[in-house]
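Notes to accompany the following structure.
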Number of protein chains: 2
Amino acid sequence: MQRKRTVRTVSIAEVDCAACPSAGRCWGELRLPIEGLRGRRAAVLERGEPLLRQGERTGTVYMVVNGCLILRESLTNGAQRVAGLSLPGELLGIEGYARGEHPCTAQAATEVSVCRLNLAAPGSGQASAALLERLLMKYAMQLERVAPPWAGLSAVERVVAFIENYASRAHVSRAPDGLFSLPLTRADIGSYLGLAPETVVRALGQLSGERRLSVHGRTIRLSELQPASVSPAA
Amino acid sequence: MQRKRTVRTVSIAEVDCAACPSAGRCWGELRLPIEGLRGRRAAVLERGEPLLRQGERTGTVYMVVNGCLILRESLTNGAQRVAGLSLPGELLGIEGYARGEHPCTAQAATEVSVCRLNLAAPGSGQASAALLERLLMKYAMQLERVAPPWAGLSAVERVVAFIENYASRAHVSRAPDGLFSLPLTRADIGSYLGLAPETVVRALGQLSGERRLSVHGRTIRLSELQPASVSPAA
DNA sequence: CGGCCACTTGAAAACCTTCAACCTATGTGG
DNA sequence: CCACATAGGTTGAAGGTTTTCAAGTGGCCG
């Protein structure tokens, strides 16, 4: 993004949330006491610098204090997309904490400062209930702010993505006959994917013609065929 | 959905996760011990029955044990859309726990059984750290499964929704001059919204012409005008 | 049987993307 | 200081995809 980059040395300091002027934005909406909460003001990033990289295996969780980060995701077909934004008062890195690997790269869009939270390793039982409860609530509030896996795909690929997502979440075994039932009307599928019901019908028809799946009403069988490669963007 | 409905009386029983055959699906992927976890097998719902209603003010959190629920959301313009699905092993109702109000209705798409979790009221400090940690991780893993607020909107309305979402998250004051800077390129906005960069440009131009906002480069001012009403669907 | 609902199909219209060109601001090197 | 390169932004026209509208089918249930 930038040719030259002055790698600024950053002061890392322990911060008591009770004394931090940004605490209202970080914890205030939750109407919970903040006594005892501490963060580690970990970094001030310049525009363009990454804080987390996709695939990284750290479980560090951050609270954004100032600035804006862009969440970028590399798709399996090589394309990239913007998966979301992180703004002041929002958590960053919980996915890495939960699954052990970050799903996307977080890159500073402006100058950014963040706090690293004192969250013990998963399963160690060290993290406090008070902090965990705040994290859970915080995270629940920002849930709606991430792009879905089918953003930017064509109608046919959206339907494929939806069906495969459903199949994996519903624990459908893909072998040997792999039949399963999708308990939704075409209209519901369309509403979820942002498509007209007729478009869902036509997409299923096309996929059926290409032998990527077979459809009889709401019963579906996925073929072993790979999802057709999508033309990579940029 | 169904004309008549036999409201079945449901056995509510305490369930110890350690003895429940579904526990692997509920907690298994997390590689954490499940000793001491208990749920209350709260309900078996028939197809069509709602478990939670949009706007309801309960903080109950459920784990889906079997079946499929559709999350339906009523938009401010009266339209409805499907916001997501809840499948076995997934949490339901955390938004209600966090914000005190459920953002959408959860309706059974098949016969459904759920467990109610023993989660104390927010702020009471009663919930155990172990349960909270599991909930946090569980929730982080299902984060990507919800439709974004702009799904199904036209390009212009997507851009409006994005800008308003950004403005509220970035704590932009809309008065008196309400100028703010969007630290993203048109290409980034388009990538996030699933639009071509040119389409973002044209949408901004159109909104500017309609006086719904003013744009100078990345500096934006929102007008006081309401977002134009969208034709309600069904 | 008649009504309702989900599903399907076809044709026209609306919308969005693509491609190509051009513009502007910024930064670099001569 | 100027020429040039680069990146972001803007505009027009063509083409493709999706939506809309309209009509018709089949299953289920009173």
Side-chain angles (χ1 to χ4, degrees), chain A residues 1-6 47-48 70 79-82 107 109-110 150-162 181-210 214-220 228 230-234, chain B residues 1-6 47-48 70 79 81-82 109-110 150-160 162 181-209 214-220 228 230-234:
Chain A
M1 219 99 226
Q2 277 164 316
R3 217 76 50 94
K4 281 182 184 176
R5 186 170 297 157
T6 334
R47 194 165 104 75
I70 301 186
Q80 286 213 149
R81 64 159 190 159
V82 173
Q107 182 189 39
T110 64
W150 40 259
L153 299 179
S154 72
V156 171
E157 298 307 326
R158 277 188 206 189
V159 172
V160 172
F162 168 73
S181 155
L182 207 53
L184 298 178
T185 66
R186 308 291 194 246
D188 283 335
I189 299 172
S191 169
Y192 181 54
L193 297 177
L195 298 172
E198 295 92 333
T199 308
V200 176
V201 170
R202 287 184 247 263
L204 289 172
Q206 180 179 332
L207 289 165
S208 197
E210 293 170 0
S214 46
V215 194
H216 300 305
R218 296 189 190 175
T219 302
I220 291 185
V230 182
S231 59
Chain B
M1 217 97 222
Q2 277 163 315
R3 216 80 46 99
K4 280 182 187 176
R5 188 169 296 157
T6 333
R47 194 165 104 75
I70 301 186
R81 63 160 191 157
V82 173
T110 64
W150 39 258
L153 299 179
S154 72
V156 172
E157 297 307 326
R158 277 188 206 188
V159 171
V160 172
F162 168 73
S181 155
L182 208 54
L184 298 178
T185 66
R186 307 293 195 245
D188 283 336
I189 299 172
S191 169
Y192 181 55
L193 297 178
L195 298 172
E198 295 92 333
T199 308
V200 176
V201 169
R202 286 185 247 263
L204 288 172
Q206 181 178 331
L207 289 165
S208 197
S214 46
V215 194
H216 301 304
R218 296 189 189 175
T219 301
I220 291 185
V230 183
S231 59

Nearest-Å distance for atom pair [atom1]/[atom2], residues [X] and [N]:
X       : N       : atom1 : atom2 : result
L193(A) : dT17(D) : CG    : P     : 18 Å
Q206(A) : dG16(D) : CD    : C1'   : 13 Å
L204(B) : dG8(D)  : CG    : P     : 16 Å
I189(A) : dT19(D) : CD1   : C1'   : 18 Å
L195(B) : dT10(D) : CG    : P     : 15 Å
R158(A) : dT17(D) : CZ    : C1'   : 11 Å
E157(A) : dT17(D) : CD    : C1'   : 14 Å

Open item on the list: By nearest atom, which of the nucleotides dC16(C), dT17(C), dT8(C) is closest to the R186(A) side chain?
Closed with: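 Given the options dC16(C), dT17(C), dT8(C), the side chain of R186(A) is closest to dT8(C).
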Open item on the list: If you apply the rule side-chain contact (heavy atoms from CB on, under 4.5 Å), what do you find for V159(A) with L195(A), and how did you get there?
Closed with: CA-CA 9 Å; V159(A) 172; L195(A) 298 172; 4.3 Å; yes
Less than 4.0 angstrom between a side-chain N/O of [X] and OP1 or OP2 of [N], yes or no?
X       : N       : value
R218(A) : dA6(C)  : no
R202(A) : dG10(C) : no
T185(A) : dA6(C)  : no
T199(B) : dT17(C) : yes

Taking only N/O atoms, report every protein-nucleotides 20-25 of chain C pair under 3.5 Å with atom names and distance.
none

TODO: Between V215(B) and S154(A), just flag the one whose closest nucleotide in DNA chain D comes earlier from the 5' side.
DONE: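 Its nearest nucleotide lies further toward 5', so the answer is V215(B).
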Sequence neighbours left out, what passes side-chain contact (heavy atoms from CB on, under 4.5 Å) with [X]? Give chain and number order.
X       : value
S181(A) : none
T219(A) : L179(A)
S154(B) : V156(B), E157(B)

So [Y] and [X], do their side chains get closer than 4.5 Å, heavy atoms only?
X       : Y       : result
L182(B) : I189(B) : yes
T110(B) : R47(B)  : no
Y192(A) : L184(A) : no

- [ ] Could you name each residue pair satisfying side chain to side chain donor-acceptor pair (under 3.5 Å) that touches residues 196-207 of chain B, not counting sequence neighbours?
- [x] Q206(B)-E210(B)
TODO: Mind checking G194(A) for me? I need base, sugar-phosphate or nothing, with any heavy atom below 4.0 Å counting as a touch.
DONE: sugar-phosphate
- [ ] Find the bend of the helix from dC1(C)-dG30(D) to dG30(C)-dC1(D) as the angle between its two terminal axes (five pairs each), to the nearest 10°.
- [x]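 The end-segment axes of the helix from dC1(C)-dG30(D) to dG30(C)-dC1(D) are tilted 30° relative to each other.
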Open item on the list: With a 3.5 Å distance limit and no angle check, can you tell me whether R158(B) reaches the backbone of L153(B) through a side-chain donor-acceptor pair?
Closed with: yes
